[in-house]
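Reviewing the structure listed below.
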Amino acid sequence: MKNNFFKNYKFMLKTICKASASRVWLNIFFTVINDLFLIFYNVFFFAYFMQAVEKGKNIIEISKVLIVFVLINILFEILNSYYNQKYVPQNDVKLSLFLKKMIYKKITTIDIECFDNPEYYDNVTFALNDLFDRVKSILNNVSQFISHLCCVIVLIGYFAQVDFIIVMISLISVLMGLFFEPIINRYRYRYTNESLKYQRKYDYVKRISIQAECAQELRTTNVKNVLNKMIDDAFGGLKELLKKYYRKISMFDSVQAFFGFGIVSCITTLISIHRIVIDKSVTIAMFLPLLGAIAQFTWRASSVVRSFNGILNDNIYLNKFNEFYRYEPKIVSRKEEMVDASFCGIKIEHLYFKYNNNDNYTLKDICMEIQPKQKIALVGYNGAGKSTLINLILRLYDPDQGSITYNQKNICDYNLKNYRSKYGIVFQDINVYATTIGQNIAMDTKIYSDEEMQNIMNTLHLKEKINNYEDGFNTQLTHELSDSGEMLSLGQSQCLALARIFINPEKQLYILDEPTSALDPIAEEEIFETINSYLADKTIIYISHRFSASKIADKIYFMESGQIVEQGTHDELIRQNGKYADMFNLQAKYYRNDAGACIE
């Protein structure tokens with residue numbers, strides 16, 4: 001995405017305004033008013049006071065002006081106190097909630113393929129890091145830039161009344177900043193971009209080090225040495241980048257500070273002294289406020305440049321954020337049609353698919369039909385393409401060639417949410433969420449009765465496990481959000497995943513990807529009997545390396561290297577004595593039948 005400065009800021013400020021328009025304008029208003037008040041108090045009022053004393057004005061008249069300034073100051077302090085102590089904390093909560101919901105909603109709509117792209121993943125990570133603090137930084141930098149710029153303009157107006165040469169020389173500091181800051185920012189932008197790959201390494205190690213599933217290996221193997229080396233490499237890379245870019249940044253910044261502010265301050269001060277001592281065009285009463293104005297101008301001019309630099313640095317973030325947020329999903333509905341109430345079948349014709357930046361097809365010429373109430377098994381070794389095929393059926397990816405029809409309509413024509421809602425799915429990688437058992441089963445805010453869930457648990461032989469918990473289905477799972485959270489074994493987690501599909505029998509088609517891989521053979525057989533009994537009148541796609549599912553399937557598709565190489569019933573494929581039979585016999589020889597004979 002092009003680094004478009006104005007579009008980036010327009011988008012972010014609009015976003016903040018959607019959450020709270022008053023926050024933007026109040027932030028700018030209070031920043032500008034407070035800074036201008038300091039200028040008027042430290043320069044203009046001081047100049048008035050010095051000249052009034054020099055001219056011998058009445059003390060009562062001076063006191064009246066002083067009282068007005070004090071009253072205005074008290075009013076500003078009351079307003080500032082309300083703004084900073086009440087409005088800002090309350091608004092921070094509102095703004096933070098809005099941003100988090102906005103990001104969460106966006107993440108759930110991003111195409112799955114984006115997470116296969118390291119560059120896009122970098123953008124997501126960069127965009128989400130300290131999001132709220134970044135937004136506040138953007139808001140403050142914009143407010144401070146406007147405020148300091150207003151102060152510089154006011155001070156230039158003051159200098160113009162005293163000596164126009166001081167105005168011209170003072171502008172040098174601003175021009176120097178405008179010249180050097182884009183150069184400095186360019187180096188910072190390069191540093192930020194090149195540091196992302198090292199930051200990703202560090203974030204990966206940080207994430208791995210706190211995952212419960214990695215805790216045992218980190219303590220019982222030397223994989224921690226590998227991770228420590230990754231951290232060393234990451235920080236070594238960042239150190240080299242700092243040497244490469246920040247030496248130049250430091251050099252340009254020093255030159256800017258010396259010529260832009262140091263020299264300008266000295267020259268303007270010397271000119272002021274010359275006007276008093278030699279020309280006598282400036283009085284002592286004017287000189288002291290003038291020195292204060294020069295000091296204020298130097299500070300404000302440097303602050304204009306500094307806040308502008310902050311705006312440029314924030315734009316690096318905004319560019320990455322917009323690249324993430326303005327991404328348009330490719331997986332979209334073409335016609336927004338709704339799926340029919342009854343399932344009539346799926347037909348897959350000459351399907352080809354390859355992942356991004358991959359020259360080889362992961363799936364090649366896949367043809368398949370799935371009829372209502374049919375039990376299908378996808379069988380094959382790891383990497384055969386089984387899970388990828390399921391991802392295409394669920395429309396998590398779109399094929400490069402070929403088509404998938406559901407109820408005789410191309411799945412691209414259906415409303416995406418409505419279409420996916422027709423599936424009950426148990427994925428191979430099961431997630432147990434840091435919520436209650438009941439919410440983990442329902443996978444929604446919908447509330448099921450304890451009786452409904454208890455019946456499911458009885459079916460899956462988890463009744464005793466649940467009854468052991470004092471809070472029953474309200475028991476919190478995992479230790480992530482609760483010290484007293486319960487941990488489930490892998491086998492229990494698989495049963496929990498099956499409970500999710502049993503609790504909602506309204507699905508049209510069920511996909512079970514290795515649903516019993518963590519169970520022992522006896523428990524596995526019981527679960528499959530339960531599945532077939534519970535979902536007897538439903539269409540099921542089984543994916544498994546083991547043959548408990550394929551033996552009870554109506555049709556088996558054996559996949560190898562992204563192709564369907566064999567299909568038929570279990571008995572038919574065994575008689576063919578092909579690849580399916582080889583795989584079956586390879587596994588079967590490790591088990592004994594009831595008579596103790598080896599199946600070969």
Tell me whether Lys106 forms a cation-pi arrangement with Tyr325, defined as NZ or CZ under 6.0 Å from the six-membered ring centre and within 45 degrees of its axis. yes
Asp365 side chain to Tyr352 backbone, donor-acceptor under 3.5 Å: no
May I have the step-by-step check of side-chain hydrogen bond (donor to acceptor under 3.5 Å, both in side chains) for Tyr361 and Gln401, ending in yes or no? CA-CA 11 Å; Tyr361 282 104; Gln401 298 177 43; 3.3 Å; yes
Pair Asp554-Thr569, side-chain donor/acceptor within less than 3.5 Å: no
How long is the span from the CG atom in Asp513 to the CD1 atom in Ile430, to the nearest 0.5 Å? 9.5 Å
Take a 6.0 Å sphere around NZ of Lys507 and say whether it holds more than 12 heavy atoms from other residues, nucleotides or ligands. yes
Interatomic spacing from CD1 in Ile411 to CD1 in Ile393 - rounded to 0.5 Å: 8.0 Å
Sequence neighbours excluded, every pair satisfying ring pair (Phe, Tyr, Trp, His ring centres under 6.0 Å) that has a member inside residues 371-399: Phe353-Tyr397, Tyr355-Tyr397
Inter-residue atom distance Asn431.CG - Thr478.OG1, 0.5 Å rounding: 11.5 Å
Within the side chain of Gln494, is there an N or O that forms a donor-acceptor pair under 3.5 Å with the backbone of Glu514? yes
Glu328/Arg326 under salt bridge (charged side-chain N to carboxylate O under 4.0 Å, His left out): CA gap, chis, key distance, verdict: CA-CA 6 Å; Glu328 293 295 333; Arg326 291 184 174 180; over 6 Å; no
Point-to-point distance, once rounded to the nearest 0.5 Å, from SG of Cys367 to CD of Gln567: 9.0 Å
Value for CG (Leu378) from OH (Tyr557), rounded to nearest 0.5 Å, stands at 8.5 Å
Strictly by modelled atom types, are Gln374 and Lys555 linked by a side-chain donor-acceptor pair under 3.5 Å? no
Between CG of Leu498 and OG of Ser493, what distance do you get to the nearest 0.5 Å? 11.0 Å
The test is side-chain hydrogen bond (donor to acceptor under 3.5 Å, both in side chains); show your working for Asp111 and Tyr327 and say whether it passes. CA-CA 9 Å; Asp111 293 332; Tyr327 171 83; 2.8 Å; yes
Side-chain donor-acceptor contact under 3.5 Å, Tyr406 with Gln508: yes
Is it true that a side-chain atom of Glu566 and a backbone atom of Tyr580 form a donor plus acceptor pair closer than 3.5 Å? yes
Is a side-chain donor or acceptor of Thr539 paired with a backbone partner of Lys373 at a separation under 3.5 angstrom? yes
Donor + acceptor pair across side chains of Tyr419, Ser333 (<3.5 Å): no
Within 45° of the ring axis of Phe321 and under 6.0 Å from its six-membered ring centre, is that where the NZ or CZ of Arg134 lies? no
Give a yes or no on whether Tyr202 atom OH has more than 12 heavy-atom contacts from other residues, nucleotides or ligands under 6.0 Å away. no
Donor-acceptor check, side chain of Asn415 to backbone of Lys417, threshold 3.5 angstrom: yes or no? yes
Using only heavy-atom distances, determine whether the side chains of Asn410 and Thr405 contain a donor-acceptor pair under 3.5 Å. no
Applying side-chain hydrogen bond (donor to acceptor under 3.5 Å, both in side chains) between Lys229 and each of Asp232, Asn225, Asp233, report the one that passes. Asp233
